Amino acid sequence: MTLTTRFLEARKAAILTDFANLNPMQLEAVSATEGPLLLLAGAGSGKTTVIINRIANILRYGSATDSDEAPDNLEEEDVAALEYLAANPDPNWRERMAPLLRLSPALPWEVLAITFTNKAAGELKSRLEAMLGPSGNDVWASTFHSCCVRILRRNIERLGGWTKGFTIYDTADSKALLKRIMKDLDIDDKLLPTNYLMSIFGKVKDNMQSAEDFADSAQSNNDPKIKSAARVFTEYQKRLKESNAMDFDDLVYITVRLLNEYSDVREYYQRKFRYVLVDEFQDTNKLQYKLVSLLSGGNKNLCVVGDDDQGIYKFRGATIDNILGFEKEFRNCRVIRLEQNYRSTENILIAANAVISKNIDRKGKTLWTDNAEGEPVTLKIVMNEREESDTVALLIRDAVSSGDNYRDFAILYRTNAQSFNFENSFRRYNIPHRVYGGLRFFDRAEIKDMAAYLSVIVNPNDDLRLLRIINKPPRGIGERTIEIASQLAFEKGLSLFDVISNVPSYHELAYSAVKLGQFVSVINGLIEKMAVFGNKLDMLYDELLEDSGYLAMLSTKKELKNGEGRRENILELKSTLLDYISRTGEDATLADYLNEISLYSNLEDGEDGDNTVTLMTIHSAKGLEFPTVFLVGAEENIFPSSRSIGEREEMEEERRLCYVALTRAKKKLWVLAAKSRMLYGRTTNNLPSRFLGDIPNLQVVKPAAETEHAPKPKPKTVIPTSQVPLFLRSDPVNLSPIPPPKAPSMKFVSLYKDDKIIHKAFGEGVIAAITPQVTGDVILEINFKTAGTKKLMQKTAMQYISKLTEVSGDAPE
DNA sequence: ATCATAACGCTTTTT
DNA sequence: GCGTTATGAT
């Protein structure tokens with residue numbers, strides 16, 4: 001063996017002693033620093049630890065564990081010292097030998113680590129800091145969007161049209177803008193719902209096409225809907241630009257365009273980022289992939305980390321093809337699988353592996369563990385949703401009384417609506433709990449109002465946000481005035497604020513000139529105060545609450561019971577401001593603060609320490625773990641959702657979602673299914689989820705039908721696995737016994753043509769026609785004696801209608 | 001300008 | 001079943 005070979009081996013071995021608590025596969029991932037790397041990391045396989053250690057390796061030792069490069073003047077003495085170090089690890093000595101160990105180590109800001117959520121980015125940062133000290137903070141650990149914002153701030157002016165103070169529109173802003181445009185263009189928003197438009201726009205941008213590209217291709221399209229969508233799209237992008245704004249998709253799309261079109265910018269970042277790492281790669285869409293491949297294009301040190309079995313965001317454009325296609329794109333890429341699970345018991349993994357193995361679109365991977373077999377996975381079948389939540393409450397109460405903590409438990413469900421019953425039961429049983437999801441802090445109306453005020457102060461040309469606040473609190477600027485002013489702005493090519501700042505020049509606005517003038521001076525006054533206060537943004541905020549009259553509105557007005565809560569929220573927003581100021585000090589600017597909050601929208605992350613039960617959707621549980629998990633609502637049409645039944649790809653996504661749910665559990669996994677469930681105002685009877693039929697080691701517990709409360713000891717009817725009903729199995733053969741769709745609910749059918757009815761509001765009438773709709777509802781056409789003929793939706797109208805008694809021939813109910 | 005009634009829709013979610 | 005939105009009446 002040559003001296004060089006010995007040196008290379010010893011160097012690597014010596015370095016790896018710095019990462020002693022990793023298993024061989026993890027070590028391999030940590031040492032593979034150079035070139036493209038696909039890291040398939042199963043659930044609970046220590047993925048984040050690997051990412052942290054890999055970055056630490058890059059910063060401390062550079063490419064040394066992955067390079068054949070050795071010093072020219074090697075001495076036997078050096079090599080022997082390294083070999084000794086490898087065999088007898090000692091931190092101090094390793095430090096002293098560092099010059100021999102490292103090979104062009106990277107500087108922190110030469111490493112880019114991209115995640116999806118701020119939470120994940122924050123966790124990455126704090127763990128890097130814990131391992132590397134303050135320099136860990138200089139690693140670019142950020143979300144796709146905040147990374148793009150950073151790049152755009154520096155370079156956006158190259159593209160023309162935006163300035164570096166651009167505003168970021170969130171989804172609600174975008175929707176509001178779309179509604180505005182449809183009104184102006186006189187397009188029916190029933191034909192083109194905003195959700196539909198947004199998904200089109202998103203797809204177009206994901207394919208690297210502009211609104212103009214879309215309009216061009218729409219020309220030859222016969223569908224008038226597509227043609228109108230193209231018009232709206234073009235106008236939408238135009239107005240964004242005029243308002244110096246971008247939506248979430250634009251942040252990435254425009255960054256990609258910038259990097260594509262300007263080679264100097266591209267080369268700058270390619271040189272800067274010697275190492276690029278992407279987490280949750282299975283959740284990236286094409287555009288995001290394009291972005292990272294552009295950024296890492298220089299040296300191709302691109303490491304993507306993901307788990308194809310945990311891709312659950314196809315519905316928002318993520319494509320599993322990115323992970324499945326990575327190897328094709330990078331022929332020479334290395335693939336490392338992390339399959340050892342440190343989280344769950346064997347029983348839990350058997351269940352999870354069994355469920356996911358039915359998928360076709362996957363790379364194939366089987367988790368294994370050294371952990372104990374553990375308790376069985378238990379299915380409990382209950383009568384209805386009420387019994388479901390009570391059962392869980394009792395199980396938790398019992399477990400806590402024998403020593404467990406509330407925080408050991410999580411309730412995972414498919415849809416947010418399912419949380420309701422659990423909240424009720426837990427309240428009744430005094431179980432502290434915390435519901436994640438639902439309405440977010442920054443989505444609250446009063447918070448959006450305040451943010452809109454602040455935005456307008458920074459950028460008065462932001463028409464959309466100006467419109468939001470122009471009459472909030474009510475200051476006598478009505479719809480008509482707004483209409484006229486907008487029209488003027490549109491005609492003259494000015495911003496709305498330009499127009500209302502010059503009221504005297506427009507005779508059309510004479511009627512509300514005074515009110516508009518007052519409003520403009522409030523805004524101008526605040527703009528001046530911003531200049532005076534400088535970075536004392538909290539003082540500016542106080543002035544804003546005063547001058548706008550917003551606080552007064554909440555206090556004096558009969559803002560019912562909500563006023564108090566809203567005031568608290570507004571003050572809470574101030575504390576985020578103060579927090580921002582304390583972090584940035586001298587450099588604090590309002591524009592910067594607004595950007596931060598527009599990319600960071602949940603305020604609830606901080607309070608992890610509470611000892612409470614967690615309630616969340618399976619989606620939000622990804623990445624988390626709990627000693628005991630209750631997967632609830634495991635019924636056909638709920639989970640898997642009815643929308644996915646019959647669609648292979650959708651069903652595979654549901655199955656991955658199930659896999660995610662099962663692998664959250666560390667020690668004990670409960671699954672619950674209700675025979676009957678009230679959902680959307682209807683009671684439905686669903687079979688247990690098909691996924692349950694795939695779990696070979698499922699213990700089924702069926703409580704004897706019992707009275708509602710009665711906290712009794714656990715009812716125990718254990719059905720051996722072999723007796724799990726056949727219909728549970730998801731083999732294609734057994735799919736047939738799904739009940740045929742039922743006829744429309746009988747409750748409504750007791751109305752017939754020519755029936756005489758009385759309506760609470762419209763009085764007496766006769767039913768002229770009954771037209772069933774595809775949606776399952778029915779349109780009633782009724783001739784009223786006094787109110788004329790009306791068409792009413794039966795679903796809604798029934799609560800106001802009673803049949804007149806003399807009508808005979810009742811249908812059987 | 002503000003309230004009341006009727007319509008309607010309704011996975012999952014981050015940025 | 002419930003909360004949000006659009007529209008029409010005061």
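Lettering follows sequence order; numbering is per chain, from 1. No experiment lies behind these values; they were computed from the predicted model shown. Heavy atoms only: backbone and side chains are in, while hydrogens, waters and symmetry mates are out.
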K.L.:
Please check the phosphate of dT15(B) (OP1 and OP2 only) for any side-chain N or O of Asn118(A) closer than 4.0 Å.
P.N.:
yes

K.L.:
Look at the side chain of Met678(A) and decide which nucleotide, out of dG1(C), dT12(B), dT11(B), has an atom nearest to it.
P.N.:
dG1(C)

K.L.:
If you compare every side-chain N and O of Asn637(A) against the phosphate oxygens of dT11(B) (OP1, OP2), does one of them come in below 4.0 Å?
P.N.:
no

K.L.:
For the atom pair CZ (Phe281(A)) and CD1 (Ile320(A)), what is the distance rounded to the nearest 0.5 Å?
P.N.:
10.5 Å

K.L.:
Assign each of Phe116(A) and Glu654(A) to its nearest nucleotide of DNA chain B by heavy atoms, then name whichever residue's nucleotide is nearer the 5' end.
P.N.:
Glu654(A)

K.L.:
Please report the distance, rounded to the nearest Å, between CG in Leu624(A) and P in dT13(B).
P.N.:
13 Å

K.L.:
Output the single nucleotide from dT11(B), dT15(B), dT13(B) whose closest atom is nearest the side chain of Thr617(A).
P.N.:
dT13(B)

K.L.:
How would you label the contact of Asp249(A) with the nucleic acid (heavy atoms, under 4.0 Å): base, sugar-phosphate, or nothing?
P.N.:
nothing

K.L.:
Is the NZ or CZ atom of Lys225(A) both under 6.0 Å from the centre of the six-membered ring of Tyr196(A) and within 45° of that ring's axis?
P.N.:
yes

K.L.:
Check the distance between dT5(C)'s P and Lys183(A)'s NZ and give it to me in whole angstrom.
P.N.:
13 Å

K.L.:
Can you see whether Tyr313(A) engages Asn285(A) through a side-chain donor-acceptor pair at a distance of less than 3.5 angstrom?
P.N.:
no

K.L.:
When you get a sec, tell me which of dT11(B), dT13(B), dT2(B) is the closest nucleotide to the side chain of Arg643(A)?
P.N.:
dT11(B)

K.L.:
Mind jotting down which residue pairs meet the salt bridge (charged side-chain N to carboxylate O under 4.0 Å, His left out) criterion with at least one end in residues 141-156 of chain A? Sequence neighbours excluded, please.
P.N.:
none

K.L.:
How are the rings of Phe233(A) and Phe201(A) set relative to one another: parallel (under 30°), tilted (30 to 60°) or perpendicular (over 60°)?
P.N.:
parallel

K.L.:
To the nearest Å, how far apart are Asp283(A) CG and dT15(B) P?
P.N.:
12 Å

K.L.:
Heavy atoms under 4.0 Å, any strand shown: does Thr117(A) hit a base, just sugar-phosphate, or nothing?
P.N.:
sugar-phosphate

K.L.:
Can you tell which of dT15(B), dT2(B), dT12(B) lies closest to the side chain of His145(A)?
P.N.:
dT15(B)

K.L.:
Between atom CG in Asn195(A) and atom C1' in dT11(B), what is the gap in whole Å?
P.N.:
12 Å

K.L.:
Nearest whole angstrom, please: distance from the P of dT12(B) to the CD1 of Ile312(A).
P.N.:
13 Å

K.L.:
How many Å lie between CZ on Phe420(A) and C1' on dG1(C), as a whole number?
P.N.:
9 Å

K.L.:
When the distance from NZ of Lys515(A) to P of dA1(B) is rounded to whole Å, what number comes out?
P.N.:
9 Å

K.L.:
For the base of dT12(B) and the side-chain ring of Phe315(A), does the geometry meet a stacking cutoff of under 5.5 Å between centres and under 30° between planes?
P.N.:
yes

K.L.:
If I take atom CG in residue Asp443(A) and atom P in nucleotide dG3(C), what distance separates them, rounded to the nearest angstrom?
P.N.:
17 Å

K.L.:
Distance check: side-chain N/O of Lys179(A) vs OP1/OP2 of dA6(C), anything under 4.0 Å?
P.N.:
yes

K.L.:
Please name all residues satisfying ring-ring contact (aromatic ring centres under 6.0 Å, His included) with Tyr511(A), sequence neighbours left out, ordered by chain then number.
P.N.:
none

K.L.:
What's Phe144(A) touching, base or sugar-phosphate or nothing? Going by heavy atoms closer than 4.0 Å.
P.N.:
nothing

K.L.:
Closest nucleotide of DNA chain B for Asn471(A) versus for Ser620(A): which of these residues is on the 5' side?
P.N.:
Asn471(A)

K.L.:
Have a look at dT12(B) and give me syn or anti from its glycosidic angle (syn if within 90° of zero).
P.N.:
anti

